[in-house]
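Shown next, in structure tokens, is the structure this report addresses.
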Amino acid sequence: MTTVFDTLPETIRVLIGDDHRIVREGLKQILADAPDVQVVAEAQTGTEVLVTVQALGGPLGLDLVLLDIAMPGLDGLDVLQALKREHPRLPVLMLSTYPEKQYAVRCIRLGACGYLNKSADPDDMLAAVRKAAGGGVFLSQATAEALAAAVGSASAQGGPEALSHREYQVYRLLTQGRTVSEIGAQLGLAPNTVSTYRARILEKTSTKNDVELALYAERHARAPKPA
């Protein structure tokens, strides 16, 4: 019987995309302990990730991209979408400090082969790298629970999952207390465009202002898990 690990390359060539050097160094140290994994490149912005992947020939020169969500300029979700368009066969494993219930489902739906919190055990990190590079999807228990919750609530068409990718980016920043101008600068959008997204978000969440939106976000963040 063929398993996902039968397709593992002899050496897993990895690119690390993270804007914090200390995080990249920590990831490299973890991966250096595995004789079958080699970090061949690193990048600190979303644009650098795309340029480096292209320079390496996509899946010809890489077996996996480890990608942070909170990247300057193009964020990790934008980069993930671009990579799946340009190199659909290149596995992308998402990393974040955000809880799985906030981003895991969205990442999987956009084509990621897994979602891993940066606080994960090094053994889990290596297991995720090997499974993703072998063509599989790595699901931690927390990610599996988030997916189950999303499936269970799909018929309701409510909650943050009802927002589009860009709306969700703006929603997340609004609930962090960012202004329209700050959000526009971070996402590369005109303030008027951000205001339009804000109006759509308020309508979809049935909230009237940023205070109600923040309360809405808090309520959904601590929503009980399905039985």
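Because only heavy atoms are used, hydrogens play no part in the values below, and waters and symmetry mates are left out as well, while side chains stay in.
The structure places CZ of Arg106 at 10.5 Å from CD1 of Ile69, a figure rounded to the nearest 0.5 Å. In this structure, Leu77 CG and Met71 CE are separated by 11.5 Å, a value rounded to the nearest 0.5 Å. Taking CD1 of Ile16 as the reference point, atom CG of Leu64 lies at 9.5 Å (rounded to 0.5 Å). Remark: Arg178 CZ to Ile183 CD1 distance equals 8.0 Å, nearest 0.5 Å. Here Leu174 contributes atom CG and Glu182 contributes atom CD; the two are 10.5 Å apart, rounded to the nearest 0.5 Å. Atoms CG and CE, on Leu66 and Met125 in that order, are 6.5 Å from each other to the nearest 0.5 Å.
Between Tyr197 and Tyr168, the ring centre distance reaches or exceeds 6.0 Å.
When atom types are taken as modelled, the side chain of Asp75 and the backbone of Asp78 share a donor-acceptor pair closer than 3.5 angstrom. Looking at Glu212, its side chain does come within 3.5 Å of a backbone N or O of Lys208 through a donor-acceptor pair. A side-chain donor-acceptor contact under 3.5 Å links Glu167 to the backbone of Ser164. No donor-acceptor pair under 3.5 Å is formed between the side chain of Thr52 and the backbone N or O of Val49. Between the side chain of Thr193 and the main chain of Leu189, no donor-acceptor pair closer than 3.5 Å is present. Looking at Glu48, its side chain does come within 3.5 Å of a backbone N or O of Gln44 through a donor-acceptor pair. Side chain of Lys131 to backbone of Leu139: no donor-acceptor contact under 3.5 angstrom is found.
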Full working for side chain to side chain contact (heavy atoms under 4.5 Å, CB included) between Met94 and Asp68: CA-CA 6 Å; Met94 303 301 292; Asp68 183 25; over 6 Å; no
Walk me through whether Asp19 and Thr45 qualify under side chain to side chain contact (heavy atoms under 4.5 Å, CB included). CA-CA 6 Å; Asp19 59 323; Thr45 70; over 6 Å; no
Stepwise side chain to side chain contact (heavy atoms under 4.5 Å, CB included) check, Lys118 with Val23: CA-CA 9 Å; Lys118 290 182 182 180; Val23 173; 4.1 Å; yes
Walk me through whether Leu93 and Leu67 qualify under side chain to side chain contact (heavy atoms under 4.5 Å, CB included). CA-CA 6 Å; Leu93 179 63; Leu67 183 61; over 6 Å; no
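Contact check for Leu110 versus Lys84: no side-chain heavy atoms found under the 4.5 Å cut-off. Looking at heavy atoms from C-beta onward, Val79 lies out of side-chain contact with Thr47 at the 4.5 angstrom threshold. In this structure the side chain of Asp63 never reaches within 4.5 angstrom of the side chain of Val14, judged on heavy atoms. Side-chain contact between Tyr115 and Ser96 is present, with at least one heavy-atom pair separated by less than 4.5 Å. Side-chain contact between Leu187 and Arg166 is present, with heavy atoms from C-beta onward closer than 4.5 Å. Arg200 places none of its side-chain heavy atoms less than 4.5 Å from the side chain of Val170.
Residues Ala104 and Thr143 come closest through the heavy atom pair CB-CG2, 3.8 Å. When every heavy atom of Ala41 is checked against every heavy atom of Leu56, the shortest pair comes out as CB-CD1, 3.9 Å. Between Ala132 and Cys113, the closest heavy-atom pair is CB-SG, 3.2 Å. Shown here for Ile201 and Tyr171, the closest heavy-atom pair between the two residues is CD1-N, 3.6 Å. Smallest separation of non-hydrogen atoms from Leu80 and Cys107: CD2-O, 3.7 Å. The two residues Leu126 and Ile30 make their nearest non-hydrogen contact at CD2-O, 4.1 Å.
Summarising the local packing, CG of Leu60 is surrounded by more than 12 heavy atoms from other residues, nucleotides or ligands at distances under 6.0 Å. Other residues, nucleotides and ligands place no more than 12 heavy atoms under 6.0 Å from the NE2 atom of His20.
Electrostatic pairing of Arg24 and Asp18 does not count as a salt bridge here, judged by no charged N lying under 4.0 Å from a carboxylate O. A salt bridge links Glu25 with Lys28; the closest basic N to acidic carboxylate O contact falls under 4.0 Å.
Side-chain atoms of Gln54 and His87 include a donor-acceptor pair closer than 3.5 Å. Under 3.5 Å, the side chains of Thr207 and Thr205 contain a donor-acceptor pair of N or O atoms.
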